[in-house]
Enquirer: 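Would you mind keeping the following structure in view while I ask a few things?
We use all heavy atoms of the structure for the numbers below, so side chains are in, but hydrogens, waters and symmetry mates are not.
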Amino acid sequence: MGSIPSGYKDSLERLLALKAPSRLGRGDASLFGDDPETQMKADKRLGWLHLASEPPLSLDEINKHAEAIRAEGLEAVVLIGQGGSSQASMTVTKLHEVASNRHCLAGSDPTSAAGNVHSDIPHCYTGSPLPSYLATPPFCSGQAIGPFQIPPQTNVAFRTMDSLSPVFVNHILGSSDPAKTLYIVSSKSGTTIEIRMLERVVWHYVAGHLGEAACGDRFVAITDPDSDLQQLAEKKGYRLVLPGLSDVGGRFSALSVFALFPAALVGIDISEALANSAETEAFCCSDDPNNPALCLAAFLHASYLEGRDKFSLVMPPSGQVFGLWVEQLIAESLGKQGKGIVPNVEVDASILAQPHADRSVITFAVGHVAGFAESIANIDDTIPLLHYTLDDPEQAFTHFVVWEYATAFLGILMGVFPFDQPDVELTKLIVRDLLDADSHNDDGDGYIQLDIPEPQILELRLSKALALAGYVNGFDPDSLDSLLRKLLCSIKAGDYFSLNAFVPFRGYGRREALERMRNRVASRLDAVSCLEIGPRYLHSTGQLHKGGPDTGVFLIISANEIDDVQIPGEKFNLGDLAAVQARADFTALASCGRRALHVHLVNNDSEILSQFADRLCSAISAVSLSCRQ
């Protein structure tokens, strides 16, 4: 099952000829460019290289703080964050929850349904000292997928507040007793607008229950030294401020205090996790063809050179959270200068049962999930494929190491600087402008605002790039259905579709409607189809959308809130901010010449979303293959 891209050996040997692993391990910034400015930038972003073997903050200190808080009767943790400051902690705590809740999981061989997964990667892992889940080609032990290693039950719930949706925020706030909940505000700079606004909302809520004087004891900040957040925490009297590292970017911070402290709070053995990760870290710095990060980078780069500039991460729903971490790391690190690799989290392997010339596949067996082995056995043999296993939460840290090093190697191979995100700032600037503007209804330079006489559609915007994208038979600019068909007809071979939704991803019917739209595009239009939830994706794939190749087709959905939440000290509510961010990102996409349509609905009720999904699915059915060149 699965093939190996023909250029794999060339990509691997190129990295070995550069001695990229050992030079990177020594912090050699010249790997990322010849000019002094680039080298200076790289030198300030390589603090992540040895976090496993040389943790800057004592693990004993982290555990001491966590144990003291848990001893007070801690029942829940709420982490307020965005992007790199939240994604790794969300990943390991969710995997811990899955492991804790599955006490009886039967094992099965992930390759038994179709023989061994393809293992012709040259020199890959034979006799390496790595753990079995990374040691044997292709990253799979070839033994049974056993149950998760069950950690001690801690009864500490962990929830990540990375959405501005009042539905989502109210659900999290109402799910635990503030007196037995720890609120972690996690931000490197402390200037991210979503985190600042959510901190105010949560503080106001907790103060309303416990009183202002008792509030600070329920809050912890994780932030870089001397940041705005540190100053805020000290002013408000947070119980603890844990320092990050200024030379570690957010998406490369998975083995830093940003993830370690939350992990310790829920009972993950961070000492064991880092001890295992340190062995892998040392191997990733070795000029050895068995180096797992080299092999992963060579696989993805060789696929990229074949025109497979996308890869599907196929995993059961229980492992999707790890896919979101990978998605952020790859998309934001490499999606710039008109280049990029599109990561796509996919739970429906049947979509890959036919040949796809524009993508490769990486599967993750997360614990044991009935039917997963059979589903990946049907992936088409012509698609390059690698397989991993992830058997317990601690293993996630080792995978973090491999993927971070592999991403740096990919940057070297692609000629892309992997440690900045130049196009993320564009949306932020437009958000600030829109919040200060008196009117939001004028046409922009890159788009056309339309007036559709429908009660469920409050605002509709069409990018000029989409307006010029080609002829559609029977096109009517005054019809939403016609505009949806035009958007879908603009998807050509090698393009990808992204549904960027600034609506709640919870509540009966909402998630189902969003998933239905994403899946229908993937299954009917033979295109990689992504579902991105705002504002989270702005700090992840948003960089790729604007800075990567012009192969994306975007549908942005936002909506008014029925019961909005006021932000203390501001003239706008949470829902207002989310709507502004949706419009700002559409404006940024339009200014970059992307094919994009923005639909702002009357509200995000599940019935409204379901009806919109019906219309999009009807438009998909109406789009003939002749529309796509």
Side-chain angles (χ1 to χ4, degrees), residues 90 94 160 162-169 171-172 312-313 315-321 323-324 327-328 331 342-348 350-351 456-460 480-481 483-484 487-488 491 496-525 527-538 540-542 545 552-562 575 578-579 581-583 585-586 589 596-621:
M90 182 167 69
K94 179 63 177 177
T160 302
D162 61 353
S163 170
L164 295 171
S165 163
V167 173
F168 187 80
V169 171
H171 168 75
I172 290 181
S312 294
L313 282 160
M315 53 190 65
S318 59
Q320 272 188 290
V321 67
L324 294 176
E327 178 184 69
Q328 183 215 11
V342 180
N344 170 228
V345 180
E346 183 60 77
V347 295
D348 184 4
S350 66
I351 288 172
Q456 293 185 357
I457 310 299
L458 294 184
E459 298 175 19
L460 190 63
L480 173 63
D481 300 305
L483 288 166
L484 290 173
L487 179 76
L488 297 166
I491 303 174
Y496 68 95
F497 174 79
S498 187
L499 174 58
N500 299 349
F502 287 79
V503 295
F505 197 52
R506 67 169 300 104
Y508 178 76
R510 291 190 179 99
R511 180 171 185 159
E512 291 79 2
L514 295 171
E515 291 281 13
R516 179 156 59 99
M517 289 185 277
R518 185 208 69 82
N519 185 270
R520 188 67 63 90
V521 171
S523 61
R524 297 291 181 86
L525 299 184
V528 166
S529 182
C530 309
L531 173 58
E532 305 292 348
I533 302 300
R536 178 198 298 157
Y537 81 84
L538 297 178
S540 174
T541 54
H545 295 168
V553 175
F554 305 94
L555 175 58
I556 296 93
I557 301 175
S558 56
N560 279 2
E561 293 289 343
I562 298 174
Q581 287 185 311
R583 179 178 173 184
D585 199 49
F586 166 79
L589 288 167
L597 183 68
H598 177 204
V599 181
H600 186 77
L601 301 171
V602 64
N603 63 57
N604 57 39
D605 180 80
S606 60
E607 184 177 352
I608 296 293
L609 287 176
S610 182
Q611 290 173 2
F612 181 81
D614 289 342
R615 296 179 73 170
L616 181 67
C617 290
S618 294
I620 293 168
S621 298

Enquirer: Could you tell me if the side chain of F612 sits less than 4.5 Å from the side chain of I557, heavy atoms only?
Expert: yes

Enquirer: What I'd like to find out is whether the side chain of L164 reaches to under 4.5 Å of the side chain of Q581, using heavy atoms alone.
Expert: yes

Enquirer: Calculate, to the nearest 0.5 Å, the distance between atoms OG and CD1 belonging to S529 and I491 respectively.
Expert: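 With rounding to 0.5 Å, OG (S529) is 7.5 Å from CD1 (I491).
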
Enquirer: Search all heavy atoms of F502 against all heavy atoms of P535 and return the closest pair with its distance.
Expert: CE2-CA, 3.9 Å

Enquirer: Does N560 form a side chain to side chain contact (heavy atoms under 4.5 Å, CB included) with H600? I'd like the steps, not just the answer.
Expert: CA-CA 8 Å; N560 279 2; H600 186 77; 2.7 Å; yes

Enquirer: Closer than 4.0 angstrom, basic N to acidic O: yes or no for R518 and E346?
Expert: yes

Enquirer: Mind checking whether H598 and F586 have parallel, tilted or perpendicular rings, split at 30° and 60°?
Expert: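 Tilted.
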
Enquirer: Report yes if the side chains of I351 and N519 come closer than 4.5 Å at any heavy-atom pair, otherwise no.
Expert: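 Touching, per the 4.5 Å side-chain cut-off.
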
Enquirer: Could you measure the distance from the CG atom of L484 to the OG atom of S618? Nearest 0.5 Å is fine.
Expert: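 Taking CG in L484 and OG in S618, the distance rounds to 10.0 Å.
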
Enquirer: For the pair Y537 and H545, name the ring-plane relationship: parallel under 30°, tilted 30 to 60°, perpendicular over 60°.
Expert: tilted

Enquirer: Mind checking whether L460 and L597 have side chains closer than 4.5 Å, heavy atoms only?
Expert: yes

Enquirer: Going from CG on D614 to CG on L609, what distance comes out if it is rounded to the nearest 0.5 angstrom?
Expert: 11.0 Å

Enquirer: So which heavy atom on D481 is nearest to which on A619, and how close?
Expert: O-CB, 4.5 Å

Enquirer: Would you check if L601 and I457 make a side-chain contact, meaning some heavy-atom pair closer than 4.5 Å?
Expert: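 Touching, per the 4.5 Å side-chain cut-off.
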
Enquirer: Measuring only between side-chain heavy atoms, which start at C-beta, is F497 closer than 4.5 Å to L487?
Expert: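 Yes. Closest side-chain heavy atoms under 4.5 Å.
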
Enquirer: Any chance you could lay out the side chain to side chain contact (heavy atoms under 4.5 Å, CB included) test for L483 and V599, step after step, and finish with the verdict?
Expert: CA-CA 10 Å; L483 288 166; V599 181; over 6 Å; no

Enquirer: Taking the side chain as every heavy atom from C-beta outward, state whether L531 and M517 have any pair of such atoms under 4.5 Å apart.
Expert: no

Enquirer: Of the non-hydrogen atoms in A559 and V503, which two are nearest, and what is the gap between them?
Expert: CB-CG1, 4.3 Å

Enquirer: What heavy-atom pair brings F168 and S163 nearest, and what distance separates the two atoms?
Expert: CD2-CB, 3.5 Å

Enquirer: Taking the side chain as C-beta and beyond, is there a heavy-atom pair between L616 and L499 under 4.5 Å?
Expert: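 L616 vs L499: side chains apart.
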
Enquirer: Which value, rounded to the nearest 0.5 Å, describes the distance between S621 atom OG and L488 atom CG?
Expert: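 Reported to 0.5 Å precision, the distance equals 10.0 Å.
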
Enquirer: Side chain of E512, backbone of G509: donor and acceptor closer than 3.5 Å?
Expert: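 Looks like yes, one N/O pair under 3.5 Å.
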
Enquirer: Which heavy atom of R516 sits nearest to which heavy atom of A613, and what is that distance?
Expert: NH2-CB, 3.4 Å

Enquirer: Indicate the atoms forming the closest heavy-atom contact of T160 with I172, along with that distance.
Expert: O-CD1, 3.6 Å

Enquirer: How long is the span from the CG atom in N344 to the CD atom in E327, to the nearest 0.5 Å?
Expert: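 The CD atom of E327 is 8.0 Å from CG of N344, to the nearest 0.5 Å.
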
Enquirer: So, N604 side chain and S558 main chain: donor-acceptor pair closer than 3.5 Å or not?
Expert: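 No, the answer is negative, given that no donor and acceptor are paired below the 3.5 Å cut-off.
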
Enquirer: As an exercise, state the distance from CD of Q456 to CG of L480, rounded to the nearest 0.5 Å.
Expert: 9.5 Å

Enquirer: Do S165 side-chain atoms and V167 backbone N/O form a donor-acceptor pair below 3.5 Å?
Expert: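 Answer holds: yes.
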
Enquirer: When you look at CD of E607, are more than 12 heavy atoms from neighbouring residues, nucleotides or ligands closer to it than 6.0 Å?
Expert: no

Enquirer: Under a 3.5 Å distance rule, please check whether S610 uses its side chain to pair with a backbone N or O of S606 as donor and acceptor.
Expert: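 Absent.
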
